[in-house]
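First comes the structure, then the notes that go with it.
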Amino acid sequence: MTEAPLFATIAGLRATRVYADRPVPPAVLARILQAATYACSAGNTQPWEFLVVTDRDRKRRLRAILTAAFAGVDADRTQAPDQLVDDAGRPVTGHAAIEHVDVVGAIVFVYWNPDRGVRLRGEYAENPDGTLRATRVIPGRGSSLYPACQNMMLAAHALAVASLFTTFFGLVEPEVRALLHVPPRMFLEAAVFLGYAAERLGPPRRKPLREVVHLEDWSGRDEPPGEAG
């Protein structure tokens, strides 16, 4: 059976943390963002808002904000530094990505717009400054946004653009909101780096299905049907 190009794109996608100082052409950015809008969403409400930052000065200020925040994060980590590396020996703590915030071609901040999303009565209350605070635990608020992020990353990979999905800007959400003049009702759910890799990455290493798939119930340990040998 001939494998469709889509599967090759999925299999080749990598999380890139080290970027060259090179802009992403506007036409390429537009195609990647268009792909994001084709993601499925609850009730087809399309509750996403994409804030694209390419300006060097803003990116420098974002890097400074994150660097300061990560000093406290590192002090709170439960694992030793040698445990916070992937199978290829690369650190997974986010430091490499933060060091390249100011040179990556674009950062796409992905916001949830509650005025378009599906909401329940009494889910949020309004703060004096206009922001909303959750008053009920409702799972899956960002569920419509994450497929949009994955679409962005797959489209980027198909266009020879590297990417990284991250939520670490959530550590400094108020500062990001102020710097980028984000309306108070918007919820920051994630960010996607888009740029050109300055690190050599090999094929992704993935656990076989038999280690992560449970058949019928959790104790099902038989090899999943159809797994390649």
Side-chain angles (χ1 to χ4, degrees), residues 17 19 23-24 26 29-30 32-33 36-37 39 41-42 45-76 93-120 122-153 156 163-195:
R17 301 180 179 93
Y19 290 88
V24 179
L29 270 178
I32 294 170
L33 292 165
T37 68
S41 60
T45 52
Q46 304 171 54
W48 42 65
E49 303 276 355
F50 304 111
L51 175 52
V52 184
V53 177
T54 61
D55 176 73
R56 176 61 62 90
D57 181 61
R58 286 188 174 90
K59 290 187 294 183
R60 284 189 182 125
R61 293 166 72 182
L62 288 166
R63 174 178 172 172
I65 290 168
L66 273 175
T67 299
F70 254 61
V73 172
D74 286 334
D76 281 343
T93 55
H95 284 284
I98 291 172
E99 290 170 3
H100 289 81
V101 164
D102 56 336
V103 297
V104 67
I107 304 172
V108 182
F109 290 91
V110 183
Y111 283 87
W112 182 69
N113 185 338
D115 296 319
R116 288 207 304 271
V118 176
R119 290 175 55 186
L120 300 178
E123 188 174 350
Y124 295 99
E126 190 161 330
N127 295 317
D129 63 357
T131 58
L132 299 178
R133 68 179 184 279
T135 56
R136 298 172 60 183
V137 177
I138 306 294
R141 183 185 69 194
S143 61
S144 292
L145 277 62
Y146 297 147
C149 293
Q150 186 72 0
N151 272 17
M152 258 193 281
M153 297 169 69
S163 64
L164 175 72
F165 173 89
T166 180
T167 58
F168 54 44
F169 282 104
L171 295 169
V172 290
E173 189 275 336
E175 293 89 341
V176 171
R177 182 186 299 275
L179 175 63
L180 304 180
H181 304 107
V182 179
R185 292 173 66 83
M186 300 299 109
F187 287 85
L188 178 60
E189 296 294 331
V192 176
F193 283 33
L194 297 170

**Request:** Identify the two heavy atoms, one from Val172 and one from Leu66, that lie closest to each other, and give their separation to 0.1 Å.
**Result:** CG2-CD2, 3.9 Å
**Complete:** Closest non-hydrogen contact found for Met152 with Ile32 is O-CG2, 3.5 Å
**Residue pair Leu145 / Phe187, side-chain heavy-atom distance below 4.5 Å** = no
**Asked** Quick one: side-chain hydrogen bond (donor to acceptor under 3.5 Å, both in side chains) partners of Arg136, sequence neighbours excluded?
**Response** none
**Prompt:** For the residue pair Trp112 and Tyr124, does the interplanar ring angle fall in the parallel (under 30°), tilted (30 to 60°) or perpendicular (over 60°) class?
**Reply:** tilted
**Asked** Who passes side-chain hydrogen bond (donor to acceptor under 3.5 Å, both in side chains) against Thr131, sequence neighbours left out?
**Response** Asn127, Asp129
**Geometric class of the Phe168/Phe193 ring pair [parallel <30°, tilted 30-60°, perpendicular >60°]** = perpendicular
**Fill in**
Sequence neighbours excluded, the answer for side-chain contact (heavy atoms from CB on, under 4.5 Å) partners of Ala148 is Ala36, Ala39, Trp48, Phe50
**Request:** Indicate the atoms forming the closest heavy-atom contact of Tyr146 with Glu189, along with that distance.
**Result:** OH-OE1, 3.8 Å
**Item:** CZ-CD1 distance between Arg63 and Ile98, expressed to the nearest 0.5 angstrom
**Value:** 9.5 Å
**Item:** Geometric class of the Phe169/Phe109 ring pair [parallel <30°, tilted 30-60°, perpendicular >60°]
**Value:** perpendicular
**Prompt:** Taking Thr166 for the side chain and Ala191 for the main chain, is one N or O donor matched with an acceptor at less than 3.5 Å?
**Reply:** no
**Prompt:** Can you tell if the side chain of Ile65 reaches within under 4.5 Å of the side chain of Val176, non-hydrogen atoms only?
**Reply:** no
**Message:** Applying side-chain contact (heavy atoms from CB on, under 4.5 Å) to Gln150 and Phe165, what does each step give before you reach the verdict?
**Reply:** CA-CA 8 Å; Gln150 186 72 0; Phe165 173 89; over 6 Å; no
**Asked** Okay, side chain of Arg185, backbone of Gly130: is any donor-acceptor separation there less than 3.5 Å?
**Response** no
**Asked** If we only count heavy atoms from C-beta on, is the Thr54 to Leu29 side-chain gap below 4.5 Å?
**Response** yes
**Contacts of type side-chain hydrogen bond (donor to acceptor under 3.5 Å, both in side chains), residue Arg61, not counting sequence neighbours** = none
**Message:** Please give me the minimum heavy-atom distance between Met186 and Pro114, naming the atom from each residue.
**Reply:** CE-CD, 4.2 Å
**Message:** Check this for me, if you would: do Glu99 and Arg17 make a salt bridge, where the nitrogen-to-carboxylate-oxygen distance has to be below 4.0 angstrom?
**Reply:** no
**Message:** Between Arg116 (side chain only) and Gln46 (backbone N and O only), is there a donor and an acceptor less than 3.5 Å apart?
**Reply:** yes
**Prompt:** Got a second to check how far Thr67's OG1 is from Leu62's CG, nearest 0.5 Å?
**Reply:** 10.5 Å
**Point-to-point distance, once rounded to the nearest 0.5 Å, from CG of Leu51 to CG of Leu188** = 9.5 Å
**Request:** Would you mind listing every side-chain hydrogen bond (donor to acceptor under 3.5 Å, both in side chains) that reaches into residues 167-177, with sequence neighbours excluded?
**Result:** Glu173-Arg177
**Request:** Heavy atoms only: give me the nearest Cys149-Val110 pair and the separation to one decimal.
**Result:** SG-CG2, 3.8 Å
**Item:** Taking every non-hydrogen atom, the tightest pair across Ser163 and Val192
**Value:** CB-CG1, 4.4 Å
**Request:** Check whether any side-chain heavy atom of Glu49 sits under 4.5 Å from a side-chain heavy atom of Val182, and report yes or no.
**Result:** no
**Request:** Name all residues meeting the salt bridge (Lys or Arg N to Asp or Glu O under 4.0 Å) criterion together with Arg58; count only those two or more places apart in sequence or in a different chain, and write none if there are none.
**Result:** Asp55
**Asked** Has the side chain of Ser41 got a donor or acceptor atom that lies under 3.5 Å from a matching backbone atom of Ser144?
**Response** no
